[in-house]
Amino acid sequence: MKRRNFHYFEMKGLNQERFFNALSKKLEIFEIKRYEKNRSSFKVKYFDGKAAKKEILDAGYEILSEKRGGFFWQINRFCTAYGLLAGIIVTSILLAAQSPFIAKVEVWGSTNSTEICEFVKKNLPTKNKNRLNTDVIEHLINSQFENVSFVSAAIVGQSLVINVKNALVPPEMEGEFAPIVSEYDGVVTAVNLVQGTLKVQVGDIIQRGQILVEGRVINSEGESFDIQPKAEIYMDVWLEGEATHFDEQIVTSRTGRKIETSVVTLFGKEFYSSVRPNTFASFETETSSQPLIKNNILPFMLTKTIYYETKTQTINSSFEQKKEETIAAARANCLQNLGECEIIKEENFRIIEGAGCTTVKYVVTANLLVTGEK
């Protein structure tokens with residue numbers, strides 16, 4: 001019996017006699033052992049393991065442990081272990097064989113990186129790293145693309161990395177000279193015009209979308225011409241943020257228990273798996289996939305799925321209990337629109353009560369540089 005192929009289970013639960021009677025009509029059971037009133041173990045045939053496991057879980061019992069044994073189990077373990085080892089060896093050999101060649105082209109720093117990348121792939125003289133002259137690649141890009149001012153090509157590992165910078169066009173040479181428009185509601189506090197036609201002055205109340213500086217000037221002879229508008233304008237602006245407190249909230253949180261499963265696939269087909277049944281009534285799922293070996297010849301993919309058990313509870317609290325916390329949240333929502341060095345001149349808030357909820361509206365008056373370099 002020791003050499004017989006088997007799948008062993010140790011389980012916990014009540015009324016196990018009825019379960020064994022029902023299971024024996026479907027599967028062959030042997031070596032049943034009772035340790036306690038609600039704990040026992042038994043074996044089934046090797047290939048009946050999945051069916052027996054399903055019956056145990058469907059009956060509501062807890063599986064304490066399980067294991068396999070016998071000739072078939074040894075063969076399966078041998079094939080799995082040595083199959084992976086053989087795959088790694090073959091992959092290493094193939095990777096070593098292709099390492100002298102360019103496998104990937106990357107283009108950085110250009111607005112038309114995709115176009116340049118496709119051009120290089122089509123016109124690459126050779127994929128052999130030892131024979132590829134990067135100067136030739138740089139010359140090809142410079143001659144093909146007029147908007148390129150700088151090109152640098154380098155071979156990094158099996159990648160051809162190309163850094164490109166687009167030619168800069170002076171603002172005065174641009175075809176359109178858009179006016180500077182306010183993005184805020186506020187009051188102008190300081191103005192320093194560099195070039196263009198100023199449309200506001202200190203003390204003006206400004207609405208969002210209003211023109212601050214036009215890209216047009218008139219010379220001493222009365223002639224009008226376009227120019228890129230530039231100015232430094234400071235404004236006192238009003239920013240709002242809000243947060244709402246609910247008297248009753250339904251909150252879902254994780255209990256800390258989780259179940260992990262792993263599946264290794266090759267060419268989209270399952271190669272190896274370690275799967276545990278998900279017994280959680282409510283849960284959240286996180287799935288991630290990554291290649292086991294970074295090459296395109298034997299694309300082993302490892303997919304991990306984690307099931308996090310969750311619980312849902314109703315939380316009741318009054319606004320007075322959470323007043324300071326709600327005000328702080330409203331202030332944080334308001335200040336997220338400010339930079340780190342902006343000057344805050346005034347802060348205030350108001351409380352709006354509703355049915356089952358209370359909203360805090362927070363208002364900040366701050367002095368901002370609304371044009372120029374911030």
Side-chain angles (χ1 to χ4, degrees), residues 4-70 72-81 83-84 248-266 268-292 300-316:
R4 184 174 182 180
N5 300 299
F6 66 86
H7 196 127
Y8 167 89
F9 292 96
E10 182 180 352
M11 67 178 193
K12 183 178 180 181
L14 300 175
N15 299 323
Q16 295 184 6
E17 291 81 3
R18 182 181 299 175
F19 169 76
F20 284 127
N21 288 334
L23 185 62
S24 63
K25 297 177 182 179
K26 300 177 182 179
L27 305 173
E28 181 183 347
I29 311 174
F30 50 94
E31 295 188 31
I32 299 175
K33 295 181 180 179
R34 297 295 295 269
Y35 303 105
E36 298 174 6
K37 182 179 180 181
N38 62 343
R39 188 168 69 92
S40 63
S41 67
F42 68 94
K43 294 180 181 179
V44 296
K45 293 181 179 179
Y46 180 83
F47 293 107
D48 290 340
K50 288 186 177 180
K53 187 173 185 178
K54 184 178 184 303
E55 294 291 334
I56 295 172
L57 296 175
D58 288 347
Y61 293 107
E62 178 184 357
I63 297 177
L64 301 177
S65 66
E66 61 177 300
K67 62 183 178 180
R68 302 172 183 85
F72 286 141
W73 177 76
Q74 294 288 349
I75 291 296
N76 183 60
R77 188 174 66 169
F78 177 86
C79 292
T80 300
L84 283 173
E248 183 177 281
Q249 289 182 293
I250 298 176
V251 178
T252 299
S253 60
R254 295 179 179 181
T255 65
R257 298 177 61 196
K258 64 181 181 179
I259 296 175
E260 296 186 22
T261 65
S262 300
V263 177
V264 177
T265 58
L266 178 62
K269 294 185 178 181
E270 185 176 310
F271 186 81
Y272 169 79
S273 66
S274 175
V275 179
R276 294 174 56 195
N278 179 16
T279 57
F280 298 148
S282 60
F283 56 90
E284 295 176 350
T285 305
E286 291 182 3
T287 302
S288 61
S289 297
Q290 63 180 16
L292 285 178
F300 286 100
M301 291 295 297
L302 172 62
T303 301
K304 286 188 176 182
T305 302
I306 304 178
Y307 300 92
Y308 295 95
E309 185 182 38
T310 60
K311 62 179 180 180
T312 302
Q313 56 183 341
T314 301
I315 299 178
N316 296 296

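Position 1 is the first residue of the sequence, and the numbers go up from there.
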Partner of M301 under side chain to side chain contact (heavy atoms under 4.5 Å, CB included), chosen from V264, T265, V263: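 In the set V264, T265, V263, the residue that makes a side chain to side chain contact (heavy atoms under 4.5 Å, CB included) with M301 is T265.
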Check: F280 ring centroid to Y307 ring centroid under 6.0 Å: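 Between F280 and Y307, the centre distance exceeds or equals 6.0 Å.
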E17 vs R34, side-chain contact (heavy atoms from CB on, under 4.5 Å): CA-CA, chis, key distance, verdict: CA-CA 10 Å; E17 291 81 3; R34 297 295 295 269; 2.9 Å; yes
If you look at every heavy atom in [X] and [Y], which pair is closest and at what distance?
X    : Y    : answer
K45  : F30  : N-CE2, 3.9 Å
I29  : F42  : CG2-CD1, 3.7 Å
Q16  : G13  : NE2-O, 2.9 Å
A59  : F19  : CB-CD1, 3.9 Å
S65  : Y8   : OG-CE2, 4.0 Å
V275 : S262 : CG2-O, 4.5 Å

Measuring from atom [atom1] of [X] to atom [atom2] of [Y], what distance do you get when rounded to the nearest 0.5 angstrom?
X    : Y    : atom1 : atom2 : answer
K43  : N5   : NZ    : CG    : 11.0 Å
K33  : S41  : NZ    : OG    : 6.0 Å
F47  : L27  : CZ    : CG    : 14.0 Å
I250 : T312 : CD1   : OG1   : 8.0 Å
I259 : Y308 : CD1   : OH    : 12.0 Å
K25  : F20  : NZ    : CZ    : 15.0 Å

Side chains of T310 and S282, donor plus acceptor under 3.5 Å: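 Yes, side-chain donor-acceptor contact under 3.5 Å.
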Candidates T279, N278, T255 - the one meeting side chain to side chain donor-acceptor pair (under 3.5 Å) with E309: T255
Pair T314-E248, side-chain contact (heavy atoms from CB on, under 4.5 Å): steps then yes or no: CA-CA 7 Å; T314 301; E248 183 177 281; 3.5 Å; yes
N-O pairing of E260 and K304 below 4.0 Å: no
